[in-house]
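Proteins get letters first, then strands, A, B, ... in listed order; numbering begins at 1 in each.
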Amino acid sequence: MNEELSLRDIRLQKLAKMRELGHDPYLVERFERSHSAKEMLEGFEEGKQIAFAGRVVSFRLMGKAGFAHISDGEAKIQGYFRKDDLGELGWDLYNLLDLGDHVGITGYLFVTKTGEKSIHVQTLTPLNKSLQTLPLGKEKDGQVFYGLSDVDMRYRHRHLDLICNAEARKALIQRMKMTSAVRRFMDSKGYLEVETPMLQMEAGGAAARPFLTHYNAYDLDVKLRISLELYLKRVICGDIPKVYEIGRVFRNEGVSNRHSPEFTMFEFYEAYSNLEDMMALVEEMFVHIATEVFGTTQVHISSDPNEEVTEGVASETGVVLDFGKPWKRLDLLTAIEDLAGVRREELADLDSARKAMERVGLPIEKENNLGGIIEKLLEKFVEPTLIQPTFLIGYPIETSPLAKKDPSNPKMTRRFEGYVRGRELCNAFSEINDPIDQRERFEQQVAERAKGDDEAHPLDEEFLFALEGGMPPCGGCGIGIDRMAMLLTGADHIREILLFPTMRPVQTVQTEE
RNA sequence: GGGCCUGUAGCUCAGUCGGUAGAGCAGCGGCCUUUUAAGCCGUUUGUCGCGGGUUCGAGUCCCGCCGGGCCUACCA
């Protein structure tokens with residue numbers, strides 16, 4: 001044959017030959033399937049007549065017969081193709097197939113001599129021609145050979161990853177299921193899902209640098225939102241008592257294995273309730289998510305991605321997270337006393353707090369407020385110990401500018417964070433509804449900003465105006481969906497649970513100009 | 001942002017002391033009507049990330065740039 005042809009050209013030629021035979025795979029619009037691969041394998045009935053469609057992912061040709069595995073994405077099943085059964089045309093089409101093509105087949109179920117549940121194919125309909133050589137691996141006893149392992153390519157061309165890597169596919173699908181499980185749970189609790197602006201004059205509700213963009217119609221510089229909080233509370237001020245939003249927020253900060261510049265926040269607010277109600281709701285929500293996505297409240301997370309995971313059963317390299325029990329509740333300052341060996345009296349003023357920090361071996365140069373020191377101690381000594389679901393309660397006022405003061409200790413707030421596997425999972429509090437208090441907190445933040453903290457909260461007059469109109473007492477909670485997905489899938493990189501993670505563009509040498 | 005590592009065929013990778021690039025899979029041509037990492041025979045494929053430099057000669061050594069990974073710093 002022509003040796004100058006590229007792999008793509010060869011496939012185009014096969015396409016042309018299919019058309020000469022009277023079958024144009026691109027003209028086919030639909031194919032009625034009776035079963036998925038999983039359904040056939042699980043409810044296997046020898047001799048049953050079926051119709052199935054999927055992608056050809058492996059081939060073994062043997063003269064006038066052959067085997068091919070066909071995957072519908074979820075699972076794959078082997079087809080047995082014989083010239084005698086397919087006829088001249090069918091057999092010719094079979095010989096024009098490439099790995100990666102989609103086909104529709106009809107036939108009946110049988111078991112091969114070597115014991116594999118298979119389809120004895122009677123008709124073959126090519127449904128597509130793949131023009132590229134897909135990096136499909138070979139497989140034996142669950143071990144995959146060759147295949148796609150270049151992480152750069154996996155992230156930039158995610159469709160290839162979804163086709164070729166079952167583990168990657170599984171984690172991404174679990175993430176999608178988590179989001180929809182959250183929605184179902186919130187809807188069932190009578191919450192309304194709302195949508196609030198992404199383009200904002202002042203991006204508030206969190207401590208982060210925003211992205212900037214421009215609004216042409218109003219000739220206005222605007223920012224992309226960094227949280228959902230302030231708008232959602234304005235909805236609470238409007239007497240819609242239970243609201244949530246799941247949506248993308250944007251923070252113009254560093255990229256790392258746990259940080260993506262755009263990520264998905266989930267926040268919910270409920271009038272007439274406080275942080276204890278939020279804890280109860282979070283506990284119940286995780287029972288729901290774990291049950292829907294993993295089928296159990298005992299979720300097994302393994303640090304070894306190749307390990308065969310059985311939910312609810314522990315292993316050497318994994319941990320079983322038990323969402324079935326109430327979460328542990330710890331007072332933040334008590335936890336620091338116990339684990340860092342720093343007494344709460346030492347954290348009463350800045351000087352003694354800095355000394356204590358130095359004593360336990362932490363750098364103190366940048367610390368100029370008590371809240372920052374407390375959070376450093378927490379991060380270093382407490383967080384790593386919080387493996388099973390735990391609520392840490394009582395956060396310092398300096399780092400909690402939207403949380404109600406604790407009446408028993410005005411330096412602390414009515415705020416908690418949930419931790420699992422040593423990582424923060426949610427952040428919640430009884431929301432400030434005193435507009436005077438809130439204004440003072442914002443002003444402290446503005447002062448911080450003046451001192452050079454460019455991530456301090458801006459003052460939001462519209463929000464304060466709404467608070468002055470009157471907000472009922474209210475509990476609120478935020479959960480980073482990406483972090484939650486990482487936690488529950490065992491992903492060690494945030495890109496593993498984002499379909500299309502932000503990547504630096506590859507510079508092309510030659511562009512058409 | 002800082003430190004360390006890395007980029008070779010469609011995919012997974014090897015390439016020694018600097019001597020002009022290789023294997024397996026995929027592909028192509030044969031044989032084979034229950035194979036399964038099918039097998040057997042034959043065979044094709046490269047901007048060695050990009051650009052400079054040293055050298056008679058660079059995938060290999062040096063410099064710069066681009067992409068990626070890990071650790072670290074900020075955060076969710």
Give one of base, sugar-phosphate or nothing for [X], where a contact means two heavy atoms less than 4.0 Å apart.
| X | answer |
| --- | --- |
| A:N427 | nothing |
| A:Q78 | base |
| A:F81 | nothing |
| A:K76 | nothing |
| A:R156 | sugar-phosphate |
| A:S260 | base |
| A:S149 | sugar-phosphate |

**Message:** Between A:K138 and B:A37, is there a contact of a side-chain N or O with OP1 or OP2 at under 4.0 Å?
**Reply:**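 It does not, given that no N or O in the side chain of A:K138 lies less than 4.0 Å from OP1 or OP2 of B:A37.
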**Item:** Distance between P atoms of B:U45 and B:U33 (Å, rounded)
**Value:** 32 Å
Separation of [N] [atom2] from [X] [atom1] (nearest whole Å):
| X | N | atom1 | atom2 | result |
| --- | --- | --- | --- | --- |
| A:L136 | B:C11 | CG | C1' | 9 Å |
| A:K14 | B:G29 | NZ | C1' | 12 Å |
| A:K113 | B:U33 | NZ | P | 12 Å |
| A:L61 | B:C28 | CG | P | 10 Å |
| A:D85 | B:U33 | CG | C1' | 10 Å |
| A:M153 | B:C13 | CE | C1' | 13 Å |

**Asked** Centres of the A:W327 and A:F286 rings: under 6.0 Å?
**Response**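 Yes, ring centres under 6.0 Å apart.
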**Message:** Donor-acceptor check, side chain of A:S430 to backbone of A:L275, threshold 3.5 angstrom: yes or no?
**Reply:**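 Yes, the answer is positive, given that a donor and an acceptor are paired below the 3.5 Å cut-off.
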